*Asks:* 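Please find one structure pasted underneath; my questions will follow.
All figures in this text were calculated on a predicted structure; none of them were measured in a lab. Just so we're on the same page: letters track the sequence lines, and every chain starts at 1.
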2 protein chains.
Amino acid sequence: MSLNLNLRKQQVLEAVVEDHIITAEPVSSRTIARKYQLGVSPATIRNEMADLEEMGLIEQLHTSSGRIPSQQGYRYYVDWLMRKSGLTTDEEGQIHTVFARQARELALVVQHAIKLVTQLTDYLVFFSGPQLEHTALQQVRLIPVAPERALMVIVSETGWVENKFVEFDFPVTVDDLEQVAGVLNDHFRGLTFSQITRTVLRSVYQELTEQRLLLDYVLEIMESLARRDYADGLYLGGARNVLKQPEYQDIQQVRKLLDLVEGEQTLREILHETTGEGITVRIGRENRQDQVQDCGVITAVYLLGGNIVGAMGLLGPVRMDYARASSIVDYIAQSLSGYLSGHP
Amino acid sequence: MSLNLNLRKQQVLEAVVEDHIITAEPVSSRTIARKYQLGVSPATIRNEMADLEEMGLIEQLHTSSGRIPSQQGYRYYVDWLMRKSGLTTDEEGQIHTVFARQARELALVVQHAIKLVTQLTDYLVFFSGPQLEHTALQQVRLIPVAPERALMVIVSETGWVENKFVEFDFPVTVDDLEQVAGVLNDHFRGLTFSQITRTVLRSVYQELTEQRLLLDYVLEIMESLARRDYADGLYLGGARNVLKQPEYQDIQQVRKLLDLVEGEQTLREILHETTGEGITVRIGRENRQDQVQDCGVITAVYLLGGNIVGAMGLLGPVRMDYARASSIVDYIAQSLSGYLSGHP
DNA sequence: TGTTAGCACTCTATGGTTCAGAGTGCTAAA
DNA sequence: TTTAGCACTCTGAACCATAGAGTGCTAACA
């Protein structure tokens, strides 16, 4: 619903939004007339502003203050007026350097990406780690470390590695472990983890009648790894930068932000809800999570071999620079996807 | 240097410190007379206070305000007056439950310990992860994952596991990897990582003339793991709790705290300096790190098999409850050490 | 009909002033 | 040595007055 605005109203709204994003202050008609050369006087702009206010796109804090955008105003801006700002070639270069330099340890890559975004913006950055769910298994190893314990190492075809202890209630032999690992590899190599949990029950048990007990333990762990969803691996940074934003001069706001950071659950939820392609922008009350109803949130997923394996987000005050922030999220998510899929 | 104080001066100082810790307000002579029954009038207490101020143990914000402890005052209190408060049996029970329930993954144990301390206090909690340095090697595995890549899994005798990719510049065979792993195990099993770096050069190279190139890569990684010091594995929590303290109503203070949290380096340094037995209390300018000169810091190491493998810390405002905080650090560090060494 | 100059009106933020209250230091008496 | 009494000091809250920014409205103008 485009809410038909004539050109000048659009220009005024754009001016209000962009000026407010920069200054964090209410924007007066005079400021717009002076800074944004619309070729009309403040009085005319005041008339337009009165209309925009009636439509709910801008609002006043009190009768004699300038206007600030309402959440709908930001939404209109993001949908119709915003020009993606793009990054400088210098910034793009920086990003590529970071991705190109990395070894194949995703945790490290993500941590460097966070540092990067932290330098590029003053918002909170957060990533969910990669999920195994849709990646294929390359091999499984079971390494004995004690009579009743083994280390299970799972290598995905994408080079991602997980390890977990398996604790048995009885002693196991090296032979047993190797045999089980062998059968698992024969059966499951090349399958994705979501496929494995389906087929597990049918095929393997017959072949390993002797180690059935042992297998119980091992399969349980493999399943839990595949089912792990977003329960693990939230990476974040930039909290201290956000304090530069004037809306976080109030200690209450800061506390809410820290709750978000330490709680992690809400951020996980936000990333979990992100599924579509491209970037998602949620402004204030558009967010389903209570704790971020006065924040702007920009998210995007990243891919590996065509599958969604994780997501990233940028969180700031409602008055955030959506043009720049969404450019950055877009670019980083795409670069990361490209890098992971081997097209650096 | 005990700074001889007569009994009443000690009582007054104790009252000033403890009342200030609770209320965060300057303490007046009248308050002390009323709440701390010393059997003398406010006027007498004022005389004692004047003396204590002259000795530099307490100070006034302005001529007509009550007194607050100076940093030396806190020091005197911690050294001579403080009675360790001990934990309730309920709290001790909670702690044991947490430690008893865990599998042998230290990262998890530490994370739970942090959560626990976060509930018990309103200070920032931080742990350094365990160091391999003084733990013995149990085994090394080299698992091929691609022609030029292998996964190196290192299991310590304490059940701690590390893995790292080894990237070769040339294809390696399974046989090569197994041979190298075999020799490494033969030579180094049971040695601590610090010992390994010493003996490496002498003994292994002769035996593996053919795989010498391959060995270069592998040994480099093993060395880097052993040398890792505190470069990795800082766990922390409780930042949002600290905001409850009135000294963090000021946004500047909050920013300093967040810098500490996100920077991590300073906290690592603090833990790294902690070496002695028992707990260490550093008050304000006693800290060597600029960023925490207006904080109180309590640290303790934790042990595994008699060796220091990590440390923990509690950080709050100078006006922190040293009695309770140091009891907690003491108890948690000891419980953790006990648990790790298998005496739960 | 759309635009704009002019003006009255409103609201906020700032600085100054006053005043009560809390707390001290000192003196003199017990 | 202790303490009651009192003068003195400083803070913080409350209360103004005022300047300034910005608006809405009206009436004139293109």
*Asks:* Given A:L236 and A:V125, is the side chain to side chain contact (heavy atoms under 4.5 Å, CB included) satisfied, shown in steps?
*Replies:* CA-CA 6 Å; A:L236 54 80; A:V125 201; over 6 Å; no

*Asks:* Show your working on side chain to side chain donor-acceptor pair (under 3.5 Å) between A:E48 and A:Q10 and close with a plain yes or no.
*Replies:* CA-CA 10 Å; A:E48 299 289 18; A:Q10 292 190 4; over 6 Å; no

*Asks:* Detail all sub-3.5 Å separations between protein N/O atoms and N/O atoms belonging to nucleotides 26-30 of chain C.
*Replies:*
none

*Asks:* Taking only Lys NZ, Arg NE, NH1 and NH2, and the carboxylate oxygens of Asp or Glu, determine whether A:R255 and A:D259 approach each other closer than 4.0 Å.
*Replies:*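 Looking at A:D259 together with A:R255, the answer is no, because their closest N to O distance does not fall below 4.0 Å.
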
*Asks:* Can B:T266 and B:Q291 be counted as having a side-chain donor-acceptor contact under 3.5 angstrom?
*Replies:* yes

*Asks:* Decide yes or no on side chain to side chain donor-acceptor pair (under 3.5 Å) for A:S85 and A:R324, but give the supporting numbers first.
*Replies:* CA-CA 5 Å; A:S85 65; A:R324 179 168 168 78; 5.2 Å; no

*Asks:* Where do A:D294 and A:Q253 land on the side chain to side chain contact (heavy atoms under 4.5 Å, CB included) test, with the steps shown first?
*Replies:* CA-CA 10 Å; A:D294 49 3; A:Q253 295 303 108; 3.4 Å; yes

*Asks:* Can you tell me how far CG of A:L315 sits from CG of A:L267, rounded to the nearest 0.5 angstrom?
*Replies:*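 The CG atom of A:L315 is 7.0 Å from CG of A:L267, to the nearest 0.5 Å.
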
*Asks:* Judged by modelled atom types alone, do B:D90 and B:Q94 share a side-chain donor-acceptor pair under 3.5 Å?
*Replies:*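 Result is no, nothing qualifies.
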
*Asks:* Give me the distances for all protein-to-nucleotides 13-15 of chain D N/O pairs that come in under 3.5 Å?
*Replies:*
none

*Asks:* Under 3.5 Å, is there a donor on one side chain and an acceptor on the other for A:Y123 and A:D321?
*Replies:* no

*Asks:* Which residue pairs satisfy the ring pair (Phe, Tyr, Trp, His ring centres under 6.0 Å) criterion with at least one member in residues 37-74 of chain A, sequence neighbours excluded?
*Replies:* A:Y74-A:Y322

*Asks:* Figure out the CG/P separation between B:L52 and C:dT24, and round it to whole Å.
*Replies:*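 These atoms are roughly 13 Å apart.
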
*Asks:* Quick check on the helix from C:dT1-D:dA30 to C:dA30-D:dT1: what's the angle between its two end axes, five base pairs per end, to the nearest 10°?
*Replies:*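 For the helix from C:dT1-D:dA30 to C:dA30-D:dT1, the axes at either end differ by 20°.
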
*Asks:* Salt-bridge test for A:R67 and A:E59: reply yes if a basic N is under 4.0 Å from a carboxylate O, no otherwise.
*Replies:* no

*Asks:* I'd like to know if B:E262 pairs up with A:K115 as an ion pair, taking the criterion as any Lys NZ or Arg NE/NH1/NH2 lying under 4.0 Å from an Asp or Glu carboxylate oxygen.
*Replies:* no

*Asks:* Pull out every residue in residues 61-71 of chain A that has a heavy atom closer than 4.0 Å to any atom of DNA chain C, ordered by number, or say none.
*Replies:*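 Hits under 4.0 Å, by residue number: A:H62, A:T63, A:S64.
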
*Asks:* Go through the steps to decide whether B:Q37 and B:Q11 satisfy the test side chain to side chain donor-acceptor pair (under 3.5 Å), and finish with yes or no.
*Replies:* CA-CA 10 Å; B:Q37 330 278 45; B:Q11 290 174 325; over 6 Å; no

*Asks:* Rounded to the Å, how far apart are B:M49 CE and C:dT24 C1'?
*Replies:*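 Distance check: B:M49 CE to C:dT24 C1' gives 10 Å.
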
*Asks:* Atom CD of B:Q60 and atom C1' of C:dG25: how far apart are they, to the nearest Å?
*Replies:* 10 Å

*Asks:* Expressed as a whole number of angstroms, how long is the span from B:E48:CD to C:dT24:P?
*Replies:* 14 Å

*Asks:* Roughly how many Å is it from CZ in A:R8 to P in C:dG2, rounded to a whole number?
*Replies:* 10 Å

*Asks:* Near DNA chain C, counting only heavy atoms under 4.0 Å, which residues of residues 10-42 of chain A show up?
*Replies:*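 By residue number: A:V40, A:S41.
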
*Asks:* Go through the side-chain N and O atoms of A:Y77 and A:E18 and say whether any donor and acceptor fall under 3.5 Å apart.
*Replies:*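 Side-chain D/A pair, A:Y77 to A:E18: present.
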
*Asks:* Whole-Å distance between D:dT2 C1' and B:I45 CD1?
*Replies:*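 Rounded to the whole Å, the gap is 12 Å.
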
*Asks:* Which heavy atom in A:I32 sits nearest to a heavy atom in A:A15, and how many Å separate them?
*Replies:*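 Minimum heavy-atom contact is CG2-CB, 4.0 Å.
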
*Asks:* Let me know the distance between CD of A:E54 and C1' of D:dT23, rounded to the nearest Å.
*Replies:* 16 Å

*Asks:* Just checking, is any N or O donor in the side chain of B:Q289 or B:E273 under 3.5 Å from an acceptor N or O on the other one?
*Replies:* yes

